[in-house]
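All remarks here apply to the structure that follows.
Reckoned from all heavy atoms, side chains included, excluding hydrogens, waters and symmetry mates.
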There are 2 protein chains.
Amino acid sequence: MEEKLKEFIDMLRKEGHKVTPQRIELFKIIKNCKHPTVEEVYHRINKSHPTVSPATVYKTIELLREMGEIQEMSVIDGKIRYETNMTPHINIHCIKCGKVEDVFSDRIQELFNEFEKKSQYEIKSHSFDFFGYCPDCKNQESSE
Amino acid sequence: MEEKLKEFIDMLRKEGHKVTPQRIELFKIIKNCKHPTVEEVYHRINKSHPTVSPATVYKTIELLREMGEIQEMSVIDGKIRYETNMTPHINIHCIKCGKVEDVFSDRIQELFNEFEKKSQYEIKSHSFDFFGYCPDCKNQESSE
DNA sequence: CTACATGCAAAGCATTTGCATAGCC
DNA sequence: GGCTATGCAAATGCTTTGCATGTAG
């Protein structure tokens with residue numbers, strides 16, 4: 001975490017952006033959230049730093065997105081959420097309880113390599129999502 | 001297309017929804033669009049049926065989503081787009097020119113099967129997206 | 001000291017809602 | 001004929017913008 005923060009600060013400087021307490025705090029909060037909405041990020045920063053405005057939250061999220069630190073996700077409930085874990089993985093969403101789990105697999109990289117070759121695209125990022133019933137909700141389903 | 005429309009009409013009836021001209025027309029339009037936004041759907045129906053209101057477009061899109069005919073997609077430009085082709089595939093987005101291509105592969109089904117077994121989830125749908133530079137834009141990139 | 005970032009309030013838009021009317025079943 | 005769907009207009013709520021002030025470099 002400390003390491004990632006330092007890299008982030010370096011990248012800010014390198015790209016000519018200023019290093020402000022708001023940006024540092026928002027980076028820490030966002031990277032510690034799972035798949036936050038703007039609203040959730042705002043509520044969190046509001047607890048520790050009540051003067052930070054929604055405008056700053058929106059602007060910082062947009063900056064992080066441009067810097068490749070976060071990514072907009074597939075939406076299931078209409079609200080845009082942000083992927084903050086940029087390690088290749090698949091999100092499995094339970095469409096009943098709303099839970100989201102990360103799953104890692106070497107197959108993702110394989111698929112990635114296959115498509116890059118086949119399509120002639122230069123692939124920079126991805127977003128993989130499964131939607132279904134988690135083990136708990138699956139059982140409840142069958143008894144309904 | 002005719003076949004799909006009939007299935008849709010049957011499903012409407014079966015689920016107790018009424019079959020209206022607006023729903024039929026919106027179904028046809030939406031299924032003929034690639035990855036439309038709400039706005040695009042509204043503009044299209046507005047040309048042929050100028051009295052259809054935005055409210056009806058929103059409600060019908062929500063109905064189609066509930067019925068599993070369409071799905072919200074990963075967003076790249078902030079606007080929610082809808083996946084209207086429910087055949088398993090991956091979308092490759094060019095982050096420069098905005099083009100989106102569908103790619104089909106047996107690997108998707110394999111990945112699907114692997115995860116269903118491994119995770120104990122009952123998977124109902126998915127959304128796979130790659131983001132990068134298409135062959136054309138890739139070359140422009142290198143010469144900049 | 002200069003330029004960019006922040007915070008606030010207002011503006012802008014997309015989406016939803018309430019309700020009267022129309023039209024499917 | 002009953003009950004859902006539609007269309008309209010108003011309301012809501014999220015996001016952006018403009019501008020004065022603060023602050024990093």
Side-chain angles (χ1 to χ4, degrees), chain A residues 5-6 8-30 35-67 69-70 72-73 75-82, chain B residues 5-6 8-30 35-67 69-70 72-73 75-82:
Chain A
L5 181 56
K6 275 181 194 162
F8 170 62
I9 291 175
D10 287 345
M11 205 192 299
L12 279 177
R13 292 221 165 88
K14 200 168 63 184
E15 295 185 6
H17 298 116
K18 289 184 179 168
V19 178
T20 65
Q22 289 91 336
R23 284 177 177 168
I24 290 174
E25 195 56 30
L26 281 167
F27 177 84
K28 287 200 269 188
I29 285 173
I30 287 167
H35 298 113
T37 60
V38 173
E39 200 186 348
E40 283 161 14
V41 173
Y42 176 67
H43 282 317
R44 293 212 188 189
I45 190 120
N46 200 248
K47 281 181 191 159
S48 51
H49 301 71
T51 62
V52 173
S53 67
T56 301
V57 175
Y58 279 103
K59 285 170 192 163
T60 305
I61 283 177
E62 174 57 17
L63 181 65
L64 291 177
R65 205 188 56 72
E66 285 169 10
M67 291 170 74
E69 288 288 343
I70 62 176
E72 288 174 341
M73 292 180 71
V75 273
I76 196 172
D77 56 359
K79 285 184 185 173
I80 293 174
R81 293 183 170 270
Y82 291 87
Chain B
L5 180 57
K6 274 180 194 158
F8 171 62
I9 290 175
D10 287 345
M11 206 193 298
L12 279 177
R13 291 222 166 86
K14 199 169 62 186
E15 295 186 8
H17 298 118
K18 289 184 178 166
V19 179
T20 65
Q22 290 89 337
R23 283 177 178 168
I24 290 174
E25 194 56 32
L26 282 167
F27 178 83
K28 286 200 269 187
I29 285 173
I30 287 166
H35 297 113
T37 59
V38 174
E39 199 187 347
E40 283 161 14
V41 173
Y42 176 67
H43 282 317
R44 292 211 189 192
I45 189 120
N46 199 248
K47 281 182 192 160
S48 51
H49 302 69
T51 62
V52 173
S53 69
T56 300
V57 175
Y58 280 102
K59 285 170 192 163
T60 304
I61 283 177
E62 175 56 17
L63 180 65
L64 291 177
R65 204 188 57 70
E66 283 169 11
M67 291 170 74
E69 288 288 343
I70 61 175
E72 289 174 339
M73 294 180 70
V75 274
I76 195 173
D77 57 358
K79 285 183 186 173
I80 293 174
R81 293 183 170 270
Y82 291 87

Out of curiosity, B:I30 CD1 to B:Y82 OH, how far, rounded to the nearest 0.5 Å?
-> 9.0 Å
Could I get the full list of salt bridge (Lys or Arg N to Asp or Glu O under 4.0 Å) partners for B:E72, not counting sequence neighbours?
-> none
Which atom pairs link the protein and nucleotides 23-25 of chain D when you take only N or O atoms and keep those under 3.5 Å?
residue	atom	partner	partner atom	Å
D:dG25	OP1	A:V19	N	3.3

Bend angle of the helix from C:dC1-D:dG25 to C:dC25-D:dG1, from helix axes over five pairs at each end, nearest 10° | 50°
Please name all residues satisfying salt bridge (Lys or Arg N to Asp or Glu O under 4.0 Å) with B:E66, sequence neighbours left out, ordered by chain then number.
-> none
How do B:V38 and A:Q22 order along DNA chain C: which one's closest nucleotide is nearer the 5' end?
-> A:Q22
For atom CD of B:E15 and atom P of D:dT4, their distance in whole Å = 15 Å
Roughly how far, to the nearest 0.5 Å, is the CG atom of A:L5 from the CD1 atom of A:I24?
-> 6.0 Å
Residues in side chain to side chain contact (heavy atoms under 4.5 Å, CB included) with A:E39, at least two apart?
-> A:T37, A:H43, A:K79
With sequence neighbours left out, what residues match B:S53 under side chain to side chain contact (heavy atoms under 4.5 Å, CB included)?
-> B:A55, B:T56
Donor-acceptor pairs under 3.5 Å, side chain of residues 14-22 of chain B to any protein atom, not counting sequence neighbours: which ones?
residue	atom	partner	partner atom	Å
B:T20	OG1	B:R23	N	3.2

Salt bridge (Lys or Arg N to Asp or Glu O under 4.0 Å) contacts touching residues 42-64 of chain A (sequence neighbours left out) = A:E62-A:R65
Residues two or more places apart in sequence or in another chain: which of them pass side chain to side chain donor-acceptor pair (under 3.5 Å) with B:Y42?
-> B:N46
With a 4.0 Å cut-off (strictly under) to non-hydrogen atoms of chain B, the first and last hit nts on DNA chain C, 5' to 3', are C:dA14 to C:dC25
Would you indicate whether the side-chain heavy atoms of A:V52 and A:V57 approach each other to under 4.5 Å?
-> yes
With sequence neighbours excluded, what pairs up with A:F8 under the ring-ring contact (aromatic ring centres under 6.0 Å, His included) test?
-> A:F27
Quick one: A:I80 CD1 to D:dG13 P, roughly how many Å, whole number?
-> 18 Å
Heavy atom of residues 40-66 of chain B under 4.0 Å from DNA chain C: which residues?
-> B:A55, B:Y58, B:K59
Look only at the side chain of A:R81 and the backbone of A:M73, and say whether a donor-acceptor pair between them is shorter than 3.5 Å.
-> no
Give, for atom CG of B:L12 and atom CG of B:L64, the distance between the pair rounded to the nearest 0.5 Å.
-> 8.0 Å
